[in-house]
2 protein chains.
Amino acid sequence: MSGDIDQRIMDAVLAGRLLPGSRLGEQQLASLFEVSRTLVREALIRLAVRRIVRVSARRGWFVAEPSLAEARETLEARCALEYGMLAVAAPPGPAGMARLRGHLRHEQRLLAAGSAAERSVQLGNFHVHLAEVLGNAVAAEMLRDLTARTMLIAALYQTPRDAAASAQEHVQIVEALAAGRMLQAAAIMRDHLRHVALMLQPVPAPDPLAALRHALVPGGTASFPAPRPGAGRNHMSFTEQE
Amino acid sequence: MSGDIDQRIMDAVLAGRLLPGSRLGEQQLASLFEVSRTLVREALIRLAVRRIVRVSARRGWFVAEPSLAEARETLEARCALEYGMLAVAAPPGPAGMARLRGHLRHEQRLLAAGSAAERSVQLGNFHVHLAEVLGNAVAAEMLRDLTARTMLIAALYQTPRDAAASAQEHVQIVEALAAGRMLQAAAIMRDHLRHVALMLQPVPAPDPLAALRHALVPGGTASFPAPRPGAGRNHMSFTEQE
DNA sequence: CAGACCGCCCTTGTATGCAAGCCTGCCACC
DNA sequence: GGTGGCAGGCTTGCATACAAGGGCGGTCTG
């Protein structure tokens, strides 16, 4: 299949098994998947268009590391899209509401007993499902990519935000939807995403040069670029399941 | 360069030199650009992710022909995104306003003397520029693709809508922005895009089997899929400029 | 001993070769 | 004359071979 390898890599990213900056060697992946470099390369090209990976010419492929500015713009774009989606759309029908409520139950289940990665993924999927329920597959697809990028952003910049708080805001959105108050739902969504954006921390990761940099530049923090977590280090841990 | 071929093909699509359904043979393009099939193929793969082209396995590559349902969803997604973008963002600064006004002048110039294709492209670019002026490059990039897809949609379904009307609505949006009335601007944008959506005509093209289909299925129109305009026919007309 | 230079190795970039499938047009047969 | 089958050619799909470039380590020199 065509999108097979894409999905395998995507899954690993979403599950946090591949962190931002992880190296993705073409030959390495080809051996792992037992195909030629051609198919791996095509998959990586597709993922690059979606901004999940990036290629540094003749150096290698890496899981994307969105800059802080890009992170903020991504969340702002989500804010615009999802706010507008709710403000413009008609309230979902009973079937749609049932589906959303089912997803909320799923979220609660994972809050009680689930890995952090699972929780994050499903909290993101809420937004995709919402778009689908509102009848817009095109927006849903855009959100699928945007939420995936949000996972990378969270891995880089997000302080351990309480997943329960996110889930609670999802509940409020669904309640507003149930009452047919689309503008209220939109407003909650806007604040929800802005909350996430406000939680972004400029300092992305433990920095091996932190002590030295601090000693040399006690006041400013912007003089030296800080390397990404494990940039150049190999985070590969696919843990194939078969 | 990497995105070189992509852009050449994209330009041809935007200019209307490549219509929806046009065949894009790998070897044909490779000869034209004087590269191997590899690079052409990679470019086509990238464009496929962006939904500008599609591949039918072992049959060939074609310029995308969005279905009517997909067309409506694309416009609705744009509606959501652009409405939300305006509703959520802060008013642009003086430099941004100047840039928008400059683009409006450009539109007016093309209305007076410009090809239909040029007009359409620049009317679409207004939306991209707007996103950039509002400080969101991520949304701008999404809109770049969405407006391109809108060109394909227009080629398939749009009745000759007066370009002047669109341009006039752009003027109104910029005026609202200048007054700092973001919600008003958002509302105009929403209606603007809904106007376009309402103009979509279910019948995409002359259908050589229309008589036969009508004779066999007088009531329903959904039993037989209708072939796209010139499906299988070759619309290639790159008219290289060099 | 420190620093700079050089060469090897590992990476991606590009082209090409071969395999597989589909469409079309011809031919034989009914 | 019409219809079914078959084969050839043209298409993409995938693998592999080769080219080009950068990083790193060793070595040589000051």
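Here is the naming used below: chain letters follow the sequence lines, and residue numbers restart at 1 for every chain.
dA15(C) atom P lies 14 Å from atom CG of Leu29(B), rounded to whole Å. Distance, Gln27(B) CD to dG9(D) P: 17 Å, rounded to whole Å. For the pair Leu39(B) CG and dT12(C) P, the interatomic distance rounds to 17 Å; values are reported in whole Å. One atom, CG of Leu24(B), and another, C1' of dT12(D), lie 13 Å apart when rounded to the nearest Å. Distance CZ (Phe33(B)) to C1' (dA15(C)): 17 Å, rounded to an integer number of Å. Computed from coordinates, the Arg41(B) CZ to dT11(D) P distance equals 14 Å when rounded to whole Å. Here the C1' atom of nucleotide dG13(C) and the CD1 atom of Ile5(B) are 13 Å apart, to the nearest Å. One can place CD of Glu34(B) at 13 Å from P of dT16(C), the figure rounded to the nearest angstrom.
Side-chain N/O atoms of Arg59(A) include one lying less than 4.0 angstrom from OP1 or OP2 on dG23(D). For Ser36(B) and dA15(C), the shortest distance from a side-chain N or O to OP1 or OP2 is below 4.0 Å. Side-chain nitrogen and oxygen atoms of Arg37(B) include none within less than 4.0 Å of the OP1 or OP2 phosphate oxygen of dA15(C).
The side chain of Trp61(B) lies closest to dG13(D), out of dT12(C), dA15(D), dG13(D). Comparing atom distances between the Val35(A) side chain and each of dA15(D), dT14(C), dT12(D) picks out dA15(D) as nearest. Residue Glu26(A) has its side chain nearest to dT12(C) when only dT12(C), dA15(C), dC14(D) are considered.
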I'd like to know whether His127(A) forms a ring pair (Phe, Tyr, Trp, His ring centres under 6.0 Å) with His192(A), so could you lay out the CA-CA distance, the side-chain angles of the two residues, the decisive distance to 0.1 Å, and finally the verdict. CA-CA 11 Å; His127(A) 299 259; His192(A) 173 54; 5.5 Å; yes

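Side chain of Glu73(B) to backbone of Ala137(A): a donor-acceptor contact under 3.5 angstrom is found.
Summarising the geometry of Ala43(B) relative to Asp6(B), their closest heavy-atom pair is CB-OD1, 3.4 Å, with the distance given to 0.1 Å.
Two residues, Arg58(A) and Thr38(A), neighbour DNA chain D, and the one matched to the more 5' nucleotide by heavy-atom proximity is Thr38(A).
For the atom pair CG of Leu39(B) and CG of Asp4(B), the computed distance is 10.0 Å after rounding to the nearest 0.5 Å.
The number of heavy-atom neighbours closer than 6.0 Å to CZ of Arg51(B), taken from other residues, nucleotides and ligands shown, is 12 or below.
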